[in-house]
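Hydrogens, waters and symmetry mates play no part in the numbers below; they use all other heavy atoms, side chains included. Just so we're clear, the structure is a prediction, and the values are computed from it rather than from any experiment. All residue numbers refer to positions in the sequence shown, counting from 1.
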Amino acid sequence: MMTSTTLDAPAAKPLLDWYDRHHRDLPWRVSPPMAARGIKADPYHVWLSEVMLQQTTVPAVKPYFANFLARWPTVRDLADAASEDVMAAWAGLGYYARARNLKKCAEAVARIHDGVFPSTEEGLKSLPGIGDYTAAAVAAIAFNRQAAVMDGNVERVISRLFAIATPLPAAKPLMKQKVGLLTPQHRPGDFAQAMMDLGATICTPKRPACSLCPFRGSCEALRLHDPEHFPVKAAKKEKPVRHGAAFIAVTADGDIFLRRRIESGLLGGMTEVPTTNWTARQDGATSAGAAPFPAAWEPCGTVIHVFTHFELRLSIYRAAIPSLIQTDNGWWEPVTNLDSQALPTVMKKAIAAAIPLAFKYSKD
């Protein structure tokens with residue numbers, strides 16, 4: 001039996017031929033027909049889409065991508081934008097450190113590189129927030145560099161193609177080595193996107209369409225009649241559960257008290273309703289006694305939100321405030337303006353638990 005280290009690498013041509021016929025049309029992509037007409041990939045579009053797509057699905061990203069380009073058509077525009085506006089536009093995509101680094105990276109490209117993205121992996125990795133994956137993806141797709149691009153879809157394809165038995169994440173170095181061996185000098189950007197499309201549409205986690213795969217004659221997992229066994233994953237640790245409280249103060253005029261979180265850490269720089277000092281490692285207070293100011297706080301139930309490394313359960317309290325209370329660490333925002341605020345999903349859940357129609361009012 002051939003192993004993952006002895007199996008000959010298949011040629012890239014069958015995959016590129018498949019991609020020419022079956023590529024996905026995506027708003028940030030220069031498709032093969034577009035490339036044939038002389039259209040070049042825009043590094044800003046490629047970078048923006050790759051940052052947005054980390055841990056996020058294509059359907060979820062499309063409207064955010066369109067909104068960002070409408071508001072900030074170039075990297076210079078994004079660099080000049082107010083940080084609060086960028087965070088507000090990002091709200092709902094999650095993983096908010098990406099938004100902070102997005103702004104820092106745009107500023108670096110605009111001010112240090114005169115608005116031009118570096119074209120090499122090394123140059124790209126010198127920018128804030130750009131790691132190995134994003135650098136390889138931008139280098140390959142935007143600049144046609146021969147870089148090994150490996151996202152979750154590519155991991156699945158590679159693990160099956162070579163029947164890699166080592167569990168993830170320990171298998172990642174071997175997988176990336178295999179991707180590097182497969183990546184051709186000719187059309188490396190299209191090859192990277194073809195591998196992503198193959199994993200997204202054919203080599204899917206469940207019930208892969210192996211009969212339609214351009215690698216079906218070379219796939220070791222298919223020869224073993226067990227593609228769904230791959231990639232092998234290490235047993236997941238159970239996520240810890242953390243507890244805290246959130247406080248929604250509302251005036252008779254429909255103003256809600258909001259604060260801005262500190263720039264560093266979880267949800268850094270985002271807007272929040274007052275909450276207790278829960279973190280991924282510790283519980284926060286859960287009683288009305290932890291409220292930001294005295295009021296007739298009434299319980300409104302519990303909301304549950306799952307972060308990457310823990311589950312959070314927030315006890316929600318609401319208070320009707322007869323008049324605006326002046327504080328040094330927050331502001332009063334009309335409920336009709338909530339959609340313009342940089343509220344992460346967990347805070348939207350907290351507000352909706354206390355004011356069920358809050359975000360309907362905001363859209364009307």
> Does Arg100 use its side chain to pair, donor to acceptor, with the backbone of Gly268 at less than 3.5 Å?
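Checking the backbone N and O of Gly268 against the side chain of Arg100, a donor-acceptor pair under 3.5 Å is found.
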> Tell me whether Arg98 contacts the main-chain N or O of Tyr95 through its side chain, where contact means a donor paired with an acceptor under 3.5 Å.
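Pair found, side chain donor or acceptor close to backbone of Tyr95.
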> Around atom CD of Glu122, are there more than 12 heavy atoms of other residues, nucleotides or ligands at under 6.0 Å?
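Atom CD in Glu122 is crowded, with more than 12 foreign heavy atoms closer than 6.0 Å.
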> Is it the case that over 12 heavy atoms from other parts of the model lie below 6.0 angstrom from the NE2 atom of His309?
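No - once you tally the heavy atoms of other residues, nucleotides and ligands closer than 6.0 Å, there are 12 at most.
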> Counting distance only, does the side-chain N/O of Asp197 pair as donor-acceptor with the main-chain N or O of His23 below 3.5 Å?
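Not a single qualifying donor-acceptor pair exists.
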> Please confirm whether the ring centroid of Phe307 lies under 6.0 Å from the ring centroid of His305.
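Between Phe307 and His305, the centre distance is under 6.0 Å.
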> Indicate the ring-plane relationship of Phe257 and Phe293, choosing parallel, tilted or perpendicular according to the 30° and 60° boundaries.
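If you compare the ring of Phe257 with that of Phe293, the planes turn out perpendicular.
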> Has Lys239 got a side-chain atom pairing as donor or acceptor with Thr308's backbone, closer than 3.5 angstrom?
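Answer holds: yes.
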> Check whether any side-chain N or O of Tyr19 sits under 3.5 Å from a backbone N or O of Ala192 as a donor-acceptor pair, and report yes or no.
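Side chain of Tyr19 to backbone of Ala192: no pair is present.
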> Output, in order, the C-alpha distance, side-chain angles, deciding distance and verdict of salt bridge (Lys or Arg N to Asp or Glu O under 4.0 Å) for Glu298 and Arg318.
CA-CA 5 Å; Glu298 299 179 353; Arg318 169 180 169 154; over 6 Å; no
> Atom NZ in Lys103, atom CH2 in Trp72: separation rounded to 0.5 Å?
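Here the interatomic distance stands at 9.5 Å.
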> Determine the interplanar angle of the Phe310 and Trp278 rings, folded into 0 to 90°, and report it as parallel if under 30°, tilted if 30 to 60°, perpendicular if over 60°.
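Answer is tilted, since the angle falls between 30° and 60°.
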> Examine distances only and state if a side-chain atom of Asp253 and a backbone atom of Asp255 form a donor-acceptor pair shorter than 3.5 Å.
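Checked: no pair found.
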> Got Leu26 and Lys62 here, is their nearest side-chain heavy-atom distance under 4.5 Å?
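With C-beta onward as the side chain, the pair touches.
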> Report yes if the side chains of Trp90 and Phe68 come closer than 4.5 Å at any heavy-atom pair, otherwise no.
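The answer is yes; the side chains approach within 4.5 Å.
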> Examine distances only and state if a side-chain atom of Glu272 and a backbone atom of Leu258 form a donor-acceptor pair shorter than 3.5 Å.
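Not a single qualifying donor-acceptor pair exists.
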> Determine whether a donor-acceptor pair (N or O, by modelled atom type, separation under 3.5 Å) exists between the side chain of Asp77 and the backbone of Thr74.
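Between the backbone of Thr74 and the side chain of Asp77 there is a qualifying donor-acceptor contact (under 3.5 Å).
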> Please assess Arg29 against Asp190 for the test salt bridge (Lys or Arg N to Asp or Glu O under 4.0 Å), listing each intermediate value before the final yes or no.
CA-CA 10 Å; Arg29 173 179 286 178; Asp190 280 350; over 6 Å; no
> Can you measure from CZ (Phe65) to CG (Leu53) and round to the nearest 0.5 angstrom?
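If I round to the nearest 0.5 Å, the distance is 9.0 Å.
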> Quick check for you: to the nearest 0.5 Å, what is the distance between Trp47 atom CH2 and Met52 atom CE?
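If I round to the nearest 0.5 Å, the distance is 9.0 Å.
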> Look up atom CG in Asn277 and atom CD in Gln282, then write down how far apart they are to the nearest 0.5 Å.
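Reported value, rounded in 0.5 Å steps: 5.0 Å.
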> Will you find, in the side chains of Tyr133 and Gln54, an N or O donor that is under 3.5 Å from an N or O acceptor?
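No, no side-chain donor-acceptor pair sits under 3.5 Å.
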> Could you verify whether a donor N or O on one side chain and an acceptor N or O on the other, from Ser119 and Arg145, lie under 3.5 Å apart?
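There is such a pair between these side chains.
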> Check whether any side-chain N or O of Lys233 sits under 3.5 Å from a backbone N or O of Pro167 as a donor-acceptor pair, and report yes or no.
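Between the backbone of Pro167 and the side chain of Lys233 there is no qualifying donor-acceptor contact (under 3.5 Å).
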> When rounded to the nearest 0.5 angstrom, what distance separates CG in Leu222 from CZ in Arg160?
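Taking CG in Leu222 and CZ in Arg160, the distance rounds to 10.5 Å.
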> Looking at Thr336, Val335, Asn337, which hits side-chain contact (heavy atoms from CB on, under 4.5 Å) with Glu333?
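Between Glu333 and the candidates, side-chain contact (heavy atoms from CB on, under 4.5 Å) is satisfied uniquely by Asn337.
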> Mind checking the CE-CG spacing from Met87 to Leu343? Nearest 0.5 Å is all I need.
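So the gap between those two atoms works out to 11.5 Å.
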> Would you please say whether a donor-acceptor pair under 3.5 Å links the side chains of Arg156 and Asn153?
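Yes, side-chain donor-acceptor contact under 3.5 Å.
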> Is any side-chain heavy atom of Met195 closer than 4.5 Å to one of Met150?
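No - every pair of side-chain heavy atoms lies 4.5 Å or more apart.
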> Report yes or no: does Lys349 contribute a side-chain atom to a donor-acceptor pair with the main-chain N or O of Ile304 at less than 3.5 Å?
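Confirmed, Lys349 side chain pairs with Ile304 backbone.
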> So Leu127 and Phe117, do their side chains get closer than 4.5 Å, heavy atoms only?
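Yes - at least one pair of side-chain heavy atoms lies under 4.5 Å apart.
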